Amino acid sequence: MQSESERGRRKIEWAEKHMKVIARIRDEFRKSKPFRGLKIGMALHVEAKTAVLVLTLIDGGADVAITGCNPMSSQDDVSEALREMGVKCYARRGMSEEEYYSALRKVASFKPDIVIDDGADLIFLLHTDRELSKVNVMGASEETTTGIIRLRAMEREGVLRFPVIAVNDAYTKYLFDNRYGTGQSAIDGVMRSTNLLLAGKCVVVAGYGWCGRGIAMRARGMGANVVVTEVDEIRALEAVMDGFRVMPMIEAAKIGDFFITATGDRDVIRREHFSVMKDGAVLANAGHFNVEINLDDLESLSRSKRVIRDNVTEYDLGSKKLYLLAEGRLVNLVAGDGHPVEVMDMSFSDQALAARYIAENASKLENRVYRLPEELDRKVARLKLESMGVSIDELTEEQKAYLSDWRQGT
């Protein structure tokens, strides 16, 4: 029988085999050692793809400490494998809120020079804890839309005390990770949890950002009738033009069989929506924090609840029963393995290159949120195409001249 750490190692090996872009970057790091003498503190979903990023940074000379960025999303076998490899890993699945923040404090107390975060909880702690706010951080990178929203608010208020690279805003991150990664993995989490058919069902997707687009696309591909809810006029119009029905949540709540939230905001589904839902409606969240489905409202409306399947909790409202997946947390990571390996290959390559950029340029950066430099974004795209055996055209000198000369006409 395999030990827990052996299972974790085999998961990591499988991820490594399919992460061809970060493998190229890892080779570069082995030779140049860009993180020699530096500490990197990380708060990410600790699973196999994340482990590949950790090992890439270590090969680049870094001393790494890592914990989870969500109490339920880490995989214990991968965490154990990392610990056996000598990594300071404090992640564990099923942490209490107190344990979760204790683990974050351990990473912060490691006094990292560079921070890699997902959701900005670690960065926030390094700003708000009296002792930890003294840690001299060169810079950080942030993985998610939710985290970037928090960090831009900190920048506006003038409290951000070190530069942050918004990895989430890289084209090779959000166009692929958010859309194709979340699209596939969220649907996978719902299907693993419920074993129910999506074809012919009404799937309500809350939010039509890049994550919502991906979920809606994949749900339609499974044969579902998809309804989108939005608060942004332009995104709502785009959803309509993409062929989806768009309506307010109070109307969608009456007809939905499955609900998947992906907005980054709180109370997207709440008391008035639960009250009009059909018996048997399934509720799932694909946003970073477990605030999109109002759990207090659901609890207060229910006479009782019970776990009926792994990651499925049945709430009895008397006249009907509603089913909450993954405790309202990230359904793709709590009930599944997260984004596909090949997608995270790009996202974690962005993170690795962002860390190197910080190591080399921190003294030139102001305390604000930056995009990942375009040349690094394009490098990841180029390496990805090469790994797929895809070639593209190049502009001729005449074409370059034509595009740069405003005098050119027909």
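Residues: numbered from 1 along the sequence shown. Hydrogens, waters and symmetry mates play no part in the numbers below; they use all other heavy atoms, side chains included. Just so we're clear, the structure is a prediction, and the values are computed from it rather than from any experiment.
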(request) Report yes or no: is the cationic atom of Lys39 (NZ for Lys, CZ for Arg) under 6.0 Å from the centre of the six-membered ring of Phe110, at an angle within 45° of the ring normal? (result) yes
(message) Ring of Tyr174, cation from Arg179 - is the NZ or CZ under 6.0 Å from the centre and inside 45° of the axis?
(response) no
(message) If you compare all heavy atoms of Ser300 against all heavy atoms of Asp297, which two are closest, and at what distance to 0.1 Å?
(response) OG-O, 2.9 Å
(message) For Glu327, give me all partners under salt bridge (charged side-chain N to carboxylate O under 4.0 Å, His left out), at least two apart in sequence or on another chain.
(response) none
(request) List the steps, then state whether side-chain hydrogen bond (donor to acceptor under 3.5 Å, both in side chains) holds for Tyr208 with Glu230. (result) CA-CA 7 Å; Tyr208 205 66; Glu230 251 298 345; over 6 Å; no
(message) Restricting to ring-ring contact (aromatic ring centres under 6.0 Å, His included), what partner residues turn up for Phe124, sequence neighbours left out?
(response) none
(request) Establish, for the pair Arg92 and Tyr100, whether the NZ or CZ atom is under 6.0 angstrom from the six-membered ring centre and no further than 45 degrees off its axis. (result) no
(message) My understanding is that only one of Val78, Ile116, Ile66 makes a side chain to side chain contact (heavy atoms under 4.5 Å, CB included) with Thr50; could you say which?
(response) Ile66
(request) Answer with yes or no whether the side chains of Asn332 and Ser185 bring together a donor and an acceptor at under 3.5 Å. (result) yes
(message) Before you tell me yes or no, could you show the steps for Arg378 and Thr172 under side-chain hydrogen bond (donor to acceptor under 3.5 Å, both in side chains), namely the whole-Å CA-CA distance, both residues' side-chain angles and the distance that decides it to 0.1 Å?
(response) CA-CA 8 Å; Arg378 290 188 176 277; Thr172 47; over 6 Å; no
(message) List the residues meeting side-chain contact (heavy atoms from CB on, under 4.5 Å) with Leu376, not counting sequence neighbours, and say none if there are none.
(response) Leu353, Tyr357, Leu372, Pro373
(message) Can you confirm whether Glu97 is buried at CD, in the sense that more than 12 heavy atoms of other residues, nucleotides or ligands lie under 6.0 Å from that atom?
(response) no
(request) Flag this pair as yes if the NZ/CZ of Arg368 is under 6.0 angstrom from the six-membered ring centre of Tyr370 and inside a 45 degree cone about the axis; otherwise no. (result) yes
(message) What I want to check is whether the side chains of Asn225 and Lys201 have a donor and an acceptor closer together than 3.5 Å.
(response) no
(request) Would you please say whether a donor-acceptor pair under 3.5 Å links the side chains of Gln2 and Asp77? (result) no
(request) Go through His45 and His288 one step at a time and tell me if the ring-ring contact (aromatic ring centres under 6.0 Å, His included) criterion holds. (result) CA-CA 11 Å; His45 305 289; His288 186 80; 5.7 Å; yes
(request) Please assess Thr144 against Thr146 for the test side-chain hydrogen bond (donor to acceptor under 3.5 Å, both in side chains), listing each intermediate value before the final yes or no. (result) CA-CA 5 Å; Thr144 66; Thr146 300; 4.8 Å; no
